[in-house]
Structures are given as structure tokens and as C-alpha cells.
Amino acid sequence: MSIPEEKQQQDTVSAPPRLKKVSSVKKWLKLLLQSKTGTFGLFIVIFVFLTAAFAPWIAPHDPTENNLAQMLQPPFWAEGGSMEHILGTDNLGRDMFSRILYGAQVSLLVGITAVLIAGTIGLAAGIIAGYYGGFIDNLIMRFVDAFLAIPSILLTLVILGIVGPGMFTLILVLGITNWVNYARIVRGEVLSLKERDFVTAASLMGVNDRKIMYRHLVPNVFSSFIVIATLSVATTIISEAALSFLGMGIQPPQISWGGMLSSGRDYLADSWWVATFPGLAITITTLGIIFLGDWLRDVLDPKTNMNRKGR
Amino acid sequence: MESNQPLLEVEHLSTHFFTENGVVPSINDITFSIAPGEIVALVGESGSGKSVTSMSIMGLVESPGKIVNGRILFNNQDLTALSYRKYQKIRRNDISMVFQEPLTALNPVFSIGFHLVETIIVQQKVSKKKAKAIAFEWLEKVRIPNPKEVFASYPHELSGGMRQRVMIAMALSSHPRLLIADEPTTALDVTIQKQILDVMKTLSKELDTAILFITHDLGVVAEMVDRVMVMYGGEIVETSSVKQLFHTPKHPYSEGLLKSTPKIQQSDEKLDTIGGAVPSPANLPTGCKFHPRCPKAFDRCTSEHPSLINLNNENQVRCLLYES
Amino acid sequence: MTAHTSPLLEIKDITKSFDFSKGWMKKKQQFLTAVNNVSLTIYEGETVGIVGESGCGKSTLANVVMGVLPPDEGKIMFNGTDIFSLSKKELKNKRKGFQMVFQDPSSSLNPRMKVFDIIAEPLRAYKMAVGERLIEEVESLLTNVGLDISYKERYPHEFSGGQRQRIVIARALALKPKLIVCDEPVSALDVSIQAQILNLLQELQERYSLTYLFIGHGLPSVHYISDRIAVMYLGEIVEIGKKDVIFNNPAHPYTRALLSSIPVPDPDHHENRPQESYILGDMPNPTDPPSGCKFHTRCPIAQDICKEKSPAPASVRDNQEAACHFPIMEPAAELSQEQRASVY
Amino acid sequence: MSSYIRRRLIQLLPVMFIIIFIVYSLVYFAGDPVLLMLPENATQEDIAQMRAALNLDQPFYIQFFTYMSNVIQGDFGDSFSYNQPALDIVLERLPATIELGIASMIVAVGMAVPLGIWSALKRNSLTDVFITGGTVIGQAMPNFWLGIMLILVFSVNLSILPVSGTGTYAHLILPAITLGTGISAQIARLTRSSMLETLNQDYIRTAKSNGINRFSIIYLHAFRNSLIPVVTITAMQTNALIGGALVTEMIFAWPGLGQLLIQAIHARDMAIVQASVFIIAIIVILMNFIADILYKLLDPRIHLK
């Protein structure tokens, strides 16, 4: 939306009488409830979190328990299904529903920790490259270019192929190979922030580089950062599933949605549910995260936010 | 010019913006008229509603903005009732506009020639060859020294002054009856401003085009126009001839504005100022919109909203001080 | 105004170019000389205004004076010390003495910091006050620029442009500087707010005996606040002098043209005023400036010599220097009809 | 323009250096390939000889520079599982991947651009909600799952399309849709936001105020401008396209580079892995390069630089 008059000068905001002290949680909640998709996304994310946290209590069966007598049972509504296994069983007779509940643990754990690692590296690299410029910037950016040229899933796959799969390595490798996006975007933001006078003003007033980065740059890039980080959790969960699907990620007996899907592929002809439900679980989870991330972008984006509208 | 029939009559116009954070009453109950060939200024600071007024007349107010009340009569035809297609016809032939920032007002991926020819073709329904000839004619009319070069240039390759000349050429090539100029020289340097104002003034006389000149610069007002309307907080607070306004401003806001403008003649004495800050249209005070900053405000000003009082034929003021 | 005693800031032969060279191995050399051989001395307690149109190099000059951009040639002497000869640490110390106020107050305040932290930042950086002292100091600065002390808990976006500019000024004052470089401090503000800020700057000057280098393109406001005015054109100072001399008897044709272009907020003026001179055409491309006197392409009285030889600044009258081969000596009002015609 | 291209090419040298470095270090740290290459009953002497022959007894940097000079000459070593130069095998598989990539791109752009423009023009309408919702779902769906679901529906249940393999255009349909969908979602969202942003620009207002008709405003002024970021992003999706191709090729048994690579990783055939990674990197860089040039061609403001 645009009010033409507002465009010319940003001086119209008169200082209102002290804003009422609304607790920030309340304010955010109010903003969130204004957006249907945002609310929906948050709902899904909370739901998945609870599922992961309480899996041992909710799950009706031991997810790793083989029961060959009950293998490839269809879900309860299909012919031959029962309420015993509401989403049916897999090729080893394990309960699909319980496995999906446990699978959420792995997805979230891998998704979030890998993003934290990648985000930290990327934020630091982006701020340093953007603020110092020159040779350091050039060096970092050439690394960014190189990493961008190799699709991250490919690099992850190769590294995992060499060092061997496993959850811990998976997290680490996903963290190391995905930093470039943050670095690139943060650097871009820093470059434009550097043009803003408050950064010049701070250095004229004797504030040292470390404090300028910490106090002036980090808080101002943080909103974009948090948006990319949120959306990256979704892509990382998909990457994890893809790697596990290819047999290079989470290894059995650990449960991951990607691995479940992979084993379901072989029974596609007559047991559609084994491959369908894990994929549906991934889709719903990432959908929730994307909705949440998009909502965050709308709220935090300086373009749509009047308060931080710069020139 | 001889006929008494006004070209444009705006009656009780109100345009509001329905944003997520509530309704912003950008302009309220605006009434004025412009005679054929007349140059009238709309003066105000940011947030006063002067641009929204011009966009309303052009029919370019977009969602979430909406004209909620009033009529805009152009040649006795109510513009607010027109369909998009009919409005386009008016915009093609009768009303044109020049914007503040000529760089963003021109499409960066098209050349100046493309802009001019496209506009001339839709406005005058001529062949491409003819349109090109007309375009060159107009580039000369707005006193562009090297028309050939400019014709082939892209907007970013020209200086601000040149771009604004092109905008003026595009706006005037259809010989419109009314030109709305929204801060056309604010982004320019003074020596260039002077040239642009000159071009506008000369061409308006030549084509007998009326100009609604929107600005915040009182110097430009004094130089350009015959009649002034002062806007504050989405309303017209004073209408007056230029001379009257500068010699005997009636509204305390007009008076304050004049006194706080630095003049070269006066020296070391302190400038008079208007206290406080320009109110945001989302957050207007009750009663008279100016009362929190007004040195002459009294009790009634905080609660009572003054109406526009006719002092004489050409002088109206919206202030409780002038109630008889 | 205090008597001009000793020079506080000496700008000595400053030249600053930017490299815009194009092509493989920079075959096509292209330089934009933003500031060309500019010298200017500012005495304690005075205000020197610099006027000029966009692209004349006034902001670059401000950045060189502040030590942000190193000049290609020349020196900036602050209180007798060349600031570019100092180490980083020494410069930081020296900088307490000269601070800057920026054009756009919304860009010069960090939107994520409270007003208190913004104003306290320089005090903290120089460890000039802590704890209670810091709070007192910030509150007194807020009061001095006409803001309520309760505002310290707010964020910049809660303020209007004028109030934000007051915060910027309070921050600049925090280190008790002697010189403040004001880079177009009012051009982003509403008309009715500009006067408030100009008055505030003047009050503060009297109270703290500040020296200002005031850069602006709005001539009336520069005239209002300055004691002396320097006019810049394409990176050079073409004329400098006492403000009234400059405004009443401009000797350089550019100054004259600039003055006659200012719209005067007085309708009678336009009726009585003869069609005065103004320059035609645009500013030349700064990467390819004209030879000789840079103004000759737009000058109404240019002669052959102007195309060849660059005029040196020379004294025209008391307190007035102009860089022109043919300075106009007659006061503007006394120009004969015929001369006026030639000027046009 | 040509000087710009030269400058960009020179910028690529360090990038290529870093890529070779990454590719090489991967294998260096992977450990000794000799044991894999020799028969199990090889003697210590055989091993030492082999190591010397492969330069493996040299320090890291010497090995690296030897490797780099070989790479520059197009020699990535021999694949031990195929007993052929690795590069030859990789180049042999490349056309299949390129075919799949182009088909997917056509699917992606063909769906994305019209949908993006349509939803921008019908902003906030039901159509917009549906299209936007669809693009989010397209983004959220893992493509390997989509692929399997497509097989389930079209091959297993309806039996109208082949499950896997190559040969006919029918073989190409499912993999192309699988791979194209995720990318199409990205492009559609960008097209929509870019179109919306353009429609909000001042020059659109100018065009309206000059009475230009709606059709020209949308398809000449707005579309031309919003195309600029769309073209760039589309070319930059090569990275995602190849990443997705790895999985898609596995699902549909498409005999391309992806399948080769995954088999090579499982077999620890490092020469092939290195050659594939390098070739993929070159393709991505090339596409980004083309995107860059296109960007400059479409936007006259950049010409000057």
C-alpha cells in the first residue's frame, strides 16, 4: 500500500504520546493473528514440536519393533486395516504412525542445529566481508562464489560419502555447506547499511569496529537473517530427507522420514502408504515453516514496515 | 479565460486510506475551483494532503485509498463517476500531470523517444512517423538543446533538469486544459528550477493551459502563480490571491509559515518559528488541526472545528478568529 | 559575534578525485575531481557557509574535513595539527574537537537503538562518563536541544524529522566539540521545522561558542546562519566573502546567476524586478570538466581567455575574493540596462 | 560490454582455483585410494610403488598443484571401476542430464511466469490465494516424494506413463514435472512479487496519467521491467536444478550425471566424483554468467558500468 504523500518525506511521524506499554509477546501475537497463513504456520510448527517432544508418550508402539506377522498392513480406513495400526505398517511390520512421530525428532533436530551452525558462519562472514570490504571481502566472496557453484546437496553428499554417514556428521556437514546464502544476503545488507549515516556517525564518534559491527550492524541485519534462517530450516529438513532417501543421511535403526520413504519405494505397487505418509509429514512440516517464515518476512521487511522505512 | 465557467471544480472532496492500522483521513472536505488558463498553487508541508488531492483529481488514488465523499467537476463532468476507460480518455486529452521525481517517473528500460512517441500516439492517434516529428517539436519547445541525442537516451543518462523537461513535453504534448504539477522542481537545483519554471509558465500561456501547482516552497509560489490555497492537516485553511497572502496572511499557519521562511534581506534577527511538529495524517488533533501549534489558539479551538469563512470574493480562511 | 581570533580549521589546497576509469587495465582514464585545490580558513566562533548546486563537491569537502575521505593532495589543519598525519588513535582523540551533523536524520540514527544509547554512545566510546554521570550528561544534552528528558527511552522512529535532527545535534554536542560540520542539516525537513533547527543551531553556537562549517543548497538558510559564505562550482570555490557582500555585490557571474535564480517569497519583488540574468543549460559533466574557467560554458560574459586560463582567486574588495578573469564590480542594483543586457 | 565480460572472467579464476581446491581436498582427506585399487593380496612393495606412481608420497601442496595442472589439461585421472578416463565417462552422461534440465526448465517457466503474472494482477482475489497457496505447497514438497507420488498415480495406478528409463518423450514427462515443480514455485513467487513491485512504481503512474491503455501498461511497461529479476533468478536456479536432478535421476533411473555420481560415491570411485563435481560447477558458473549478461542486456541502466 502506499500513501503518496508519505513518500516524499519521512518526517510526518509525529512523536505520539508515549506508546502504551504493550508487552512485546502480546504485540507479536496480535500481529501474528492478523495473518491467517502465519497463524496456520505457527500452529503446524508448534504441533510438530509437541509431536517430537512427546513421541514416547503418544506413540502406540515401539517404532523399531519388528513384527513380520503384521507387515505391510494398510491404514485403518483401507480394506484390511485396523485401528491397531492407524497408518498401517511397513515392510518389517513396524507401526507407521509411531515411526512418523519419532521421525519428527530427527527432522527438527537436524534442521534447527544445522541452520544454527550455517547461520553463525554466514552471519559472521557476511558482516566481516561487508564491513571491511577490500581484500577480505574479495576473499570471502570468492569462497561464496565457489560454494554457490557446487549445489550444496551435492557437496554434502560427497562429503558424507567420504567421511561416512551419521546424524552428527550430517548436521555438521549441512551446517558447513549451507553458510553461503546467509553470507551473501547479510553482506548485501551491510553494504547498504554502511551507506547510512549512523554507521559513519558512530565511527566519527570513536566507536571501534567491533562495537560498530555488534551494535549497529548485527541488530539491523537481524530481521532479514531470522527470515532466511526460518525458511532455511524448511530446506534443510528437505535436504536431510533427501540425503537419507539416498542412503547417505540418517542410518537405521534411527528413524527419519527420508529413510522411511526410501524403503517405501520398493513396495509402491501394492503398499502405497509406506511411501506416502512420510512424504506427507515432510510436506506439512515444511509448509508450516514456510508459512511462518513468509509471515516473519512480511512483518520484518523494512519495505512493508513503516517504522523502519529508510530513504 | 473570458468565460466565467470554471474549468475544474472540486467540491467537498474527501479521500481516506483504509490501512491495516486504521483509517487515515488524508484529505477532508476540500473545495476549490480553477478557471481556464489560471495558475493556482496548492501549498503545504508533507502530510498536508496536497499530493493526495492531486492524485484524487487524476483518478489515480489506489487501494487502500478511496474517495469517500465529494465531486470533482471538470468541464461540468463529474470525474468521480467515470469508468476507468472514460477516465483514461480524460487523462489522455484534458488533464496531464508532472511528478516530483523525474527519474522514477520515467520507465528505466525505455528510451526518452519511446516514452514520447508512445504518449503522442495514444493521445493524438497519429502515425509513428508523425508522432516522432511532434516529439522533436516538443523537445525543442521545452528548450532541450540537443533533441536528437536526448531522443535516443535512456532516462538515467540525463540530468534531472533534462528529465523534467521531457516529463513536461510528455504532459503538454496533448494540449491539455489542465496540468497538475506535483512539486516539479523540488528535486532540482535552483538554477535549473528557474529554467523549468520559466518553461512551464511560457508554455502554459501559449497553450492556455491551467496549472495546479503543488509545492512547499513559498518562493516558487510568489514567482509562479496568481492564487494560492494553503493546506494543513488534510484541509484547505486559507485561499487567497498571492499578494494578499504575502502581505496580510489571515490564517495563523500561513502567517507562521511566511515568517519562518528565511529571507535574504533580513539579517541577524532570529527567525520566527512555528513550534511543534507537522501532524501525521493518521494522527490528527481534534478541533482545529493547527491548534496545538497555534500561538493564537484559545479554548474553543481544541474542540470546535472551524469551517471555511468567506472574507471576500477571493479570500477564505478556516479559523475561529474570523468568525463574525 | 566574537572577534575572529585564531584559525580553528585550515583547509589547505585540498584536491580529491574519484577514479571512474573504464576498460581493460583502465585504458580509458576517467577521474571525477570532486574537490579541486580548495583552500579555506575558518576562525574560531564564526560560521562559514558553503553553497553550491548538487555535484559541486561540497559534501566531499565535508567528508575530507571530517577525515572520512583522505584527500589526494593538501592538508586539513585542525587547531594547527594536520589530521591526516595522525595515527588512528591520535585521530580518534583529536576528533573529539570536531563533529558532524548529517542531512537525513532518519538515516543518521540507528533505528534499533534507544535515544539514550544513541546519545550516550560517544560518551561511552571516550569513557567520558559512566553510571549516574552518564545519565545526567545525556539528560542535560536532551534539555539543551529542546527535548524532554523522558524521550530518552524511545526509539528514533517515534519522532518527527525535526526532533530526530535535534537528537543528532545532541549526539554531536556530547563530546563538547569546537567545530561542527553541518552537511545540509535542514534540507530534509519541512519548511516550518527548518526555522526551529536553524535557531537551535544559533543558540547553541552562542552558548558553547561553537564554530560551524555549514553546507547547504538552500541559499536563504545558509545566508541566515553564516558569517562568511563560499560559493562552489564544479569542485572549486569561485567566490568567498562576508555574507552581505556576497549577497549584495556578487562579483563572480556564477554567484550572480545563482542569486538571481532563488525564488523570492515576495510577489512584489517579481513585479518590480527586471528580467535578471540566469544561466542557461546544465552543469557540465564533472568527469569531463571544461578547460580554463570551469564556468565559461555557461557564463554570459565569457571571453577567449576564459576557455584557456583558469582564473586564480583574487581579492575584489575587502573581505571578498573571486576566481574570475572579469569580476563584476558594480553592485547588483546599479547595473546599467545595457550591462544587464550583456550579462544576460 | 566486452570489457565487463573480461573482468568477470578474471574474477572467475580464483573461484575456479577454490573449486579445484575443494574438490581435491575432499579426496585427499578421503584417505588412501591405493588399497581400493589394488587386489587384496598386494604386497607392501606393490603399495609403495603404486603410491609413488600416483604421487601420493608427496606433500599436500605438491600433490595439489600436480592435480591442478592435470585438471587444467582436462585430466581427472582414471576411473578404477570403469578403467577409463573419468572425464570421458562424465561427458558421456552429461547430455542426458542436460536434456532433463532443459525439459524441467521449460515446465517450470511455462507454469511459473503466467501464474505469477495472473496472481499479481488479481491480487488478493481467490485466484491469487489459490496460486500463492499452490506455490507454497510446491516449495514445501520434497521433489523425491513428488516423483514417487507421480509414479504411484500415473504409472502404477493409471499406467499411462512409464515408471523409469529413457527413450521416448513419455519417459521425460514425469522426471521433468518432478524436477520442474519446486523451481517453478520459486519462479512464480518471484514473478508475482516482482510484478507487484513494478506495478507500484512511479513510471506506471506516469503511464496512467498520460492515458496509456491498460494492456500496454501491463504487458509493455510492467512486464518488461519485472522480467529482469525473473530472468536472472531463473538462470540462477541451475544450482537447485542440478541438486534436484541427483535425486530425480535416481528415482526415475535416468542415466545422467546424477545417477553416475551417486553410484560413484557409493563405490568410492573418486576420479568420477571429482570430475562430476567440477563439471557441474562449471555448468552452474556458466549459467550464472549468462544470467549476469542477460541482466545487463535487459536493464539499460547497467550499460554504463
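The sequence lines fix the lettering, A, B, ..., with proteins before strands; numbering per chain opens at 1.
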More than 12 foreign heavy atoms under 6.0 Å from [atom1] of [X]: is that the case here?
{"X": "C/Arg207", "atom1": "CZ", "answer": "yes"}
{"X": "A/Phe40", "atom1": "CZ", "answer": "no"}
{"X": "C/Lys94", "atom1": "NZ", "answer": "yes"}
{"X": "A/Tyr214", "atom1": "OH", "answer": "no"}
{"X": "C/Lys178", "atom1": "NZ", "answer": "no"}
{"X": "A/Phe49", "atom1": "CZ", "answer": "no"}

### Message
Is C/Lys89 in contact with chain A via its backbone, its side chain, both, or neither, using a 4.5 Å heavy-atom distance?
### Response
neither
Between [X] and [Y], what is the shortest heavy-atom contact and its length?
{"X": "A/Arg196", "Y": "C/Pro111", "result": "NH2-CD, 4.3 Å"}
{"X": "C/Ala125", "Y": "A/Gly206", "result": "CB-O, 3.6 Å"}
{"X": "A/Ala201", "Y": "C/Arg171", "result": "CB-NH2, 3.4 Å"}

### Donor-acceptor contact below 3.5 Å, side chain C/Ser107 vs main chain A/Asp197
yes
### Query
So which of C/Asn63, C/Asn110, C/Val68, C/Val168 has the largest heavy-atom pair count under 4.5 angstrom toward chain A?
C/Asn110
Measure the [atom1]-[atom2] distance between [X] and [Y] for me, rounded to the nearest 0.5 Å.
{"X": "C/Glu121", "Y": "A/His216", "atom1": "CD", "atom2": "NE2", "result": "3.0 Å"}
{"X": "A/Arg215", "Y": "C/Ile118", "atom1": "CZ", "atom2": "CD1", "result": "11.5 Å"}
{"X": "C/Leu109", "Y": "A/Phe198", "atom1": "CG", "atom2": "CZ", "result": "9.0 Å"}
{"X": "A/Asn208", "Y": "C/Lys92", "atom1": "CG", "atom2": "NZ", "result": "6.5 Å"}

### Task
For the residue pair A/Ser223 and C/Arg112, establish whether any side-chain heavy-atom pair is separated by less than 4.5 Å.
yes
### Summary
By residue number, those in residues 110-132 of chain A with heavy atoms under 4.5 Å from heavy atoms of chain C are none
### Query
Taking A/Val207, A/Leu204, A/Thr200 one by one, which has the highest count of heavy-atom pairs under 4.5 Å against chain C?
A/Leu204
